[in-house]
Amino acid sequence: MPAARFVGVDGTEVLLDVPAGQTLRQAALDNLVPGIIGECGGFATCGTCHVVVDERFRPLLPAPSEDEEIVLEGLLTPVTATSRLACQIAMTDELDGITVHVPESQG
Amino acid sequence: MGGSLPRSVDDLPLLPDLVAPQAWSADLVAASDGLFERGVRVLRDGEGGLLVIGDAVMRALAQDPAVGGTPVEFLTGRAGDRVRRATGAAPPSGAAAFDAFLRNQVFTMNAALHVAVRRVVARHLVPRAVLGMAGHAERVLVGVLDEVTRVGGVVDLERDVAGPYVTRFWTDQLGVPAGAALRVQQLVHEMNRMFLFAPTLEDRARVLAATEEYLELVGRTVAMAWERGDNALLGHLARGLDGIDLPGAPPDLGALVAANFFDGFHTVAVAVANAARCLLADAPAAERVRRAPSLVAAAFTEGARLTAPLMLTTRMALGDVEHAGLRIPAGTPITMAWIAANRDPEAYDEPGGYRLDRPPRLGTTFGGGARICPGRGATRMLGEVALRALTATSVQVRLESPQPGWVPGSAIRRHPAIPVVVRRVAAA
Ligand code: HEM
Ligand code: FES
């Protein structure tokens, strides 16, 4: 099963097996990864599942939708070129080993 | 656990069998606390629909795309039925304005139209946009507090403080002239009767008349402000609306704003007043916030959890829905008692307690799923600005007795009055 690594601001790492098709938001919530809230349930409307994806994996992700872009641009927490919403990242075999950084706060 | 659910909705308990209608109507929060004690999380509402009170099941259903917005025809039909049941008479005619008001609300839209219109409203209420409005909110509130402290004496926290504060804030933001703000506040107060469980003919007539005037006033003044071309928010909203080419979209900018910012004028004022009263009624908590203003966010969230003003709304099963084995047929109205789930003992320790140190956990105060309230960030900002100002060392707010109860028989959680005395305190 492909795996994903969540890295907190203090450097703590959580490594999870994520079934293909499951979103990183769901995997994080199921495993109580600190810092992922996911208030809207995965519909790219709340911005509380923001993660910064490791540069190496960016080309493997589909481009963000218009809704995801609107939400990311509206966040108060610093957003980088590799910021994404974890609810919009569905696991694939290609993404095995993906590393995402969880920001200090959400929203 | 809240017990397993039956497979058929017919096997769910029936609300009127467990709670007397008067008890539900008098205080649905107390009634649902009693239902939790009996292990109940979902019921039949006795009007042909479901009533959801449990946290986990509510979140799951709120996030199910098949649990959608409630069509206008259902809402107006039910409103008419309620008048008939309460009065034995036919509801008054002339509801065209009210119908338009509901039709232009994102609440009642579904599918592509919902996504498109919601996006237009929501994209200008994202956290970054809201932060840019905070300075304006602070200035408006200073003006309101200046007025009430100059006059002195007992004032009402909702009508005289929170109401003018949020109404002036939004009327300014939306280009509605200052002179119209008081009238807008009065009209949304009248329209509040639409949330009554058993409206009289007079209530219904007053709602219809106020809605007609509100739509005309807000619609006209917003259109004029947009034509002047100096209001950025209206410019953005108008361009967004222009880009929607779908049947059923709001016909013009005024209609879009009047229908969808109604909660901005009305519900936010109730949210701010309720949360402020919660905090002021707990002297040690108020003192903690006064000493550590960074606690205002927790204070507002906790107050809103306990006193969520929009206690319930009804969604509709757009297709067959299945949750934990329970099959809900398409067309079933599903009433979400958002405030009840905020107190589900399976989700909260000591659910009725006002605690500033609760672990950050999301309530259902603002709904959930793809239809979660797009105004929640603005509401939190307005609430936090208010709590900060009302607990500042330069201000003293004293709650006067008698302590108010809750307005019965309404889907809105509000006090009939919150008498307070507000004083400026000279710096030590
Ligand atoms: C700036 C102020 C506000 C605006 C502009 C606003 C607007 C809206 C809109 C347009 C929706 C429909 C969303 C959709 O169906 O996709 C909505 C949903 C909702 N709002 Fe607000 N609202 C505001 C304040 C509030 C306040 C103060 C509360 C109560 C604390 C509240 C509670 C809710 C709830 C519970 C829902 C979900 C309803 C449902 O799913 O049936 N809103 N809001
Ligand atoms: S869960 Fe709300 S945006 Fe991802």
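All values below come from the heavy atoms of this structure, side chains included, with hydrogens, waters and symmetry mates left out. So that the names make sense, note that chain A is the first sequence line, chain B the second, and so on, each numbered from 1.
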Non-hydrogen atoms of B:G369 and A:T45 that approach each other most closely: O-OG1, 4.3 Å
For residues A:C40 and B:Q63, report the shortest heavy-atom separation together with the two atoms involved. O-CG, 4.2 Å
Taking side chain as everything from C-beta outward and backbone as N, CA, C, O, which of these in A:E66 sits under 4.5 Å from a heavy atom of chain B? Side chain, backbone, both or neither. side chain
Other residues, nucleotides and ligands only: do more than 12 of their heavy atoms fall within 6.0 Å of [atom1] on [X]?
{"X": "A:E104", "atom1": "CD", "value": "no"}
{"X": "A:E94", "atom1": "CD", "value": "no"}
{"X": "B:D245", "atom1": "CG", "value": "no"}

Per-residue contacts, residues 117-135 of chain B versus chain A, heavy atoms under 4.5 Å: B:R118, B:R119, B:R123, B:V126, B:P127, B:R128, B:L131
To the nearest 0.5 Å, what is the distance between CZ (B:R371) and CZ (A:F43)? 10.5 Å
